[in-house]
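Here's the structure we're looking at; comments come further down.
All residue numbers in this chain count up from 1 along the given sequence.
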Amino acid sequence: MSGLLLRAGRVVDPARGLDATGDVLIRDGRIEAVGGRLDGGTKVRVLDVDGLVVCPGLIDMHVHLREPGQEWKEDIESGSHAAVAGGVTTMCCMPNTEPRLDHAAVVMQVIARARAVGLCDVHPIAAVSRNLEGRQLTEMRELARAGAVAFSDDGMPIWHAGVMRKALEYASSFGFLIIQHAEDKQLTEGGCINEGWVSTQLGVHGMPAEGEDAMIARDIMLARRTGGRYHVAHISTSGAVALVRRARAEGLPVSAEAAPHHFALTEQEVMAYNADAKMSPPLRTETDRQAVIEGLADGTIEVIATDHAPHHVDDKRCGLSCAAFGIVGLETMLPVSLQLVRDGVLKLPEMIAKMTVNPARLLGLAAGTLAPGARADLCVFDPEECWVLHRDKLRSKSSNTPWHGKTMTGRVKYTLKDGRLVYRDEGAPDVA
Ligand SMILES: [Zn+2]
């Protein structure tokens with residue numbers, strides 16, 4: 001099989017500390033060589049990527065694909081198209097589907113469906129508790145054997161302390177990762193946005209930061225007792241960042257991810273009753289946003305993940321209080337995160353690490369590097385290109401995004417999966 005040569009890009013592979021201009025040679029779906037000026041022979045096809053960044057295909061470890069059960073919002077095929085348009089070649093999907101990902105058969109069905117679509121690797125995150133009810137543990141080992149890479153009740157918190165303790169004990173024995181949607185529902189009941197000045201102005205119920213902080217504090221104590229690996233999903237408060245920082249300093253197996261909206265936006269976004277800025281946890285205050293940025297900068301927060309949560313327009317255009325929680329994120333993760341680099345918070349390789357090698361290591365995935373021999377999953381992007389996001393142009397079936405009409409900087413030009421070009425930006429030159 002003839003190879004493909006990516007010519008003269010800025011190659012960034014944080015897994016190997018590489019950031020240099022050079023070529024990438026791909027053959028038989030794998031990386032053959034990286035760096036310098038490479039000669040692929042006469043049969044090799046060439047893609048000129050001069051001026052573009054070439055990095056491992058992005059990994060998004062927090063996605064809601066809605067299949068099975070809510071395919072009018074998204075399905076594995078449309079979600080895969082959205083993923084590769086965002087430079088994502090590996091994603092982990094959350095278990096709050098219908099039926100839930102709480103049985104091995106459903107987990108295997110999702111994996112098989114994703115393979116049939118063949119655009120993006122999909123690794124299910126299976127439920128911690130049956131039907132996400134938080135009362136009875138699932139058969140976690142069986143789910144892991146079926147292909148689940150981690151466990152969460154996301155959409156819902158693992159609210160029951162005894163169940164969380166047991167889950168972490170299991171996690172400790174078998175090396176599983178428990179991912180928590182930290183929300184004390186007794187504190188957030190009836191809330192639709194952050195509790196504070198904006199919720200008071202709008203006259204709607206708020207969700208206090210303590211709802212997130214209290215549950216994480218409890219969970220960290222349980223992680224300390226059990227030794228189980230614990231991961232905070234979509235961290236959003238200054239209190240939560242401080243708790244995770246302290247736990248990690250203590251050497252506990254605690255990690256966290258932040259979603260782009262939580263480090264790019266604040267509760268001010270919902271001032272115009274904008275339901276496309278309603279998600280859970282909600283957009284918080286500027287102090288919280290700065291704390292999340294600080295956590296990303298000092299390594300407290302290892303991972304950037306989208307919490308891609310597609311909803312039909314009917315679920316959003318029904319008033320702020322009634323609207324569904326969540327926004328789509330796969331196609332905006334990269335440009336929104338690049339702002340961290342422009343602001344000097346992270347160097348480009350540090351930012352890329354948080355969406356490639358870091359989640360790969362956390363989940364034990366064979367992805368997230370351009371090492372010779374690795375599967376040729378790549379994202380090629382222009383870090384400077386400015387463009388205006390239009391919701392109708394999103395590949396996702398849903399268009400619930402707060403960035404509609406906003407100017408984005410940074411654009412994915414090509415995405416390769418196993419050496420195949422699975423996405424090419426309109427207007428970008430084709431392979432020669
Ligand atoms: Zn969640």
Side-chain angles (χ1 to χ4, degrees), residues 62-75 78-79 82 93-100 131-133 153-157 159 181-209 211-212 233-234 236 259-262 264-285 306-332 336 389-406:
H62 192 139
V63 171
H64 298 272
L65 289 176
R66 307 300 189 208
E67 181 179 349
Q70 292 191 306
E71 287 85 350
W72 64 92
K73 296 183 176 184
E74 192 81 285
D75 58 28
S78 64
C93 59
M94 285 296 176
N96 59 338
T97 50
E98 199 57 56
R100 315 299 198 186
N131 203 31
L132 308 183
E133 284 169 359
D153 277 357
D154 190 67
M156 295 293 288
W159 58 274
H181 169 114
E183 177 184 356
D184 184 325
K185 292 273 190 185
Q186 276 77 48
L187 282 171
T188 62
E189 195 181 357
C192 64
I193 60 171
N194 185 47
E195 181 177 311
W197 187 82
V198 174
S199 67
T200 307
Q201 290 294 307
L202 297 181
V204 297
H205 282 291
M207 305 162 84
E212 182 168 333
H234 42 51
S236 76
H261 46 267
H262 286 127
L265 306 173
T266 69
E267 57 181 355
Q268 293 296 331
E269 286 298 310
V270 292
M271 272 308 275
Y273 292 92
N274 177 12
D276 282 334
K278 176 183 176 179
M279 69 288 286
S280 177
L283 297 174
R284 305 279 190 186
T285 65
T306 64
D307 193 8
H308 178 82
H311 286 294
H312 191 267
V313 64
D314 293 347
D315 299 314
K316 281 292 194 181
R317 299 282 172 274
C318 52
L320 194 54
S321 295
C322 296
F325 290 101
I327 64 167
V328 291
L330 282 164
E331 295 168 75
T332 46
V336 174
L389 185 128
H390 196 290
R391 65 169 86 244
D392 295 345
K393 290 228 164 177
L394 294 171
R395 265 72 175 175
S396 171
K397 273 191 192 177
S398 295
S399 57
N400 46 313
T401 172
W403 283 289
H404 170 67
K406 302 273 167 62

* Mind running salt bridge (Lys or Arg N to Asp or Glu O under 4.0 Å) on Arg284 and Glu212 for me, showing each step along the way? => CA-CA 12 Å; Arg284 305 279 190 186; Glu212 182 168 333; 3.1 Å; yes

* To do: Start with the C-alpha distance between Leu283 and His262, add both sets of side-chain angles, then the distance that settles side chain to side chain contact (heavy atoms under 4.5 Å, CB included), and finish with yes or no.
  => CA-CA 6 Å; Leu283 297 174; His262 286 127; 4.2 Å; yes

* Hey, mind stepping through His312 and Asn400 against side chain to side chain donor-acceptor pair (under 3.5 Å) and telling me if it holds? -> CA-CA 8 Å; His312 191 267; Asn400 46 313; over 6 Å; no

* Apply side chain to side chain donor-acceptor pair (under 3.5 Å) to the pair Ser199 and Glu195, showing each step before the final yes or no. => CA-CA 6 Å; Ser199 67; Glu195 181 177 311; over 6 Å; no

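Listed for the Lys316 side chain is a donor-acceptor partner under 3.5 Å among the backbone atoms of Ala324. Of the possible donor and acceptor atoms, one in the side chain of Thr97 sits under 3.5 Å from a partner among the backbone N and O of Pro99. Checking side-chain atoms of Lys185 against main-chain N and O of Trp159 turns up no donor-acceptor pair under 3.5 Å. Using modelled atom types, one side-chain atom of Glu331 and one backbone atom of Ser396 make a donor-acceptor pair closer than 3.5 Å.
For the 3.5 Å distance criterion, the side chains of Lys73 and His311 qualify, holding a donor opposite an acceptor. Side-chain contact, His308 with Glu74: a donor N or O sits under 3.5 Å from an acceptor N or O.
In this structure, CZ on Arg66 lies 12.5 Å from CG on Asp75, to the nearest 0.5 angstrom. One distance of note links CG of Leu389 with CG of Leu394; it measures 5.0 Å at 0.5 Å rounding. Rounded to the nearest 0.5 angstrom, Ser398 OG and Ile327 CD1 are separated by 12.5 Å. Distance CE/Met156 to CG/Asn96: 10.0 Å, rounded to 0.5 Å. Here the CZ atom belonging to Arg391 is positioned 7.5 Å from the OG1 atom belonging to Thr401, to the nearest 0.5 angstrom. A distance of 9.5 Å separates CG in Leu202 from CD in Glu267, rounded to the nearest 0.5 Å.
Across all non-hydrogen atoms, the minimal contact from Trp403 to Pro260 is CH2-C, 4.5 Å. When all heavy atoms are compared, the tightest approach of Thr306 to Ala259 is O-CB, 3.9 Å. A pairwise comparison of heavy atoms in Gly79 and Leu65 identifies CA-CD2, 3.9 Å as the closest pair. Across all non-hydrogen atoms, the minimal contact from Ser78 to Lys397 is OG-CG, 3.6 Å. The nearest pair of heavy atoms linking Leu132 to Pro95 is CD2-CG, 4.1 Å. A pairwise comparison of heavy atoms in Gly191 and Phe325 identifies O-CZ, 3.6 Å as the closest pair.
Around the NZ atom of Lys406, the shell of radius 6.0 Å holds more than 12 heavy atoms that belong to other residues, nucleotides or ligands.
Ring-plane geometry between His390 and His404 is classed as perpendicular, the angle between the planes exceeding 60 degrees on a 0 to 90 degree scale with a lower cut at 30.
Between His181 and Met94, the closest side-chain pair of non-hydrogen atoms is not below 4.5 Å. For the pair Asp153 and Glu133, the minimum side-chain heavy-atom distance is 4.5 Å or more. Between His234 and Asp154 there is a side-chain heavy-atom pair separated by less than 4.5 Å. Within the 4.5 Å cutoff, side-chain heavy atoms of Pro402 are placed close to those of Leu265. Between Pro310 and Gln70 there is no side-chain heavy-atom pair separated by less than 4.5 Å.
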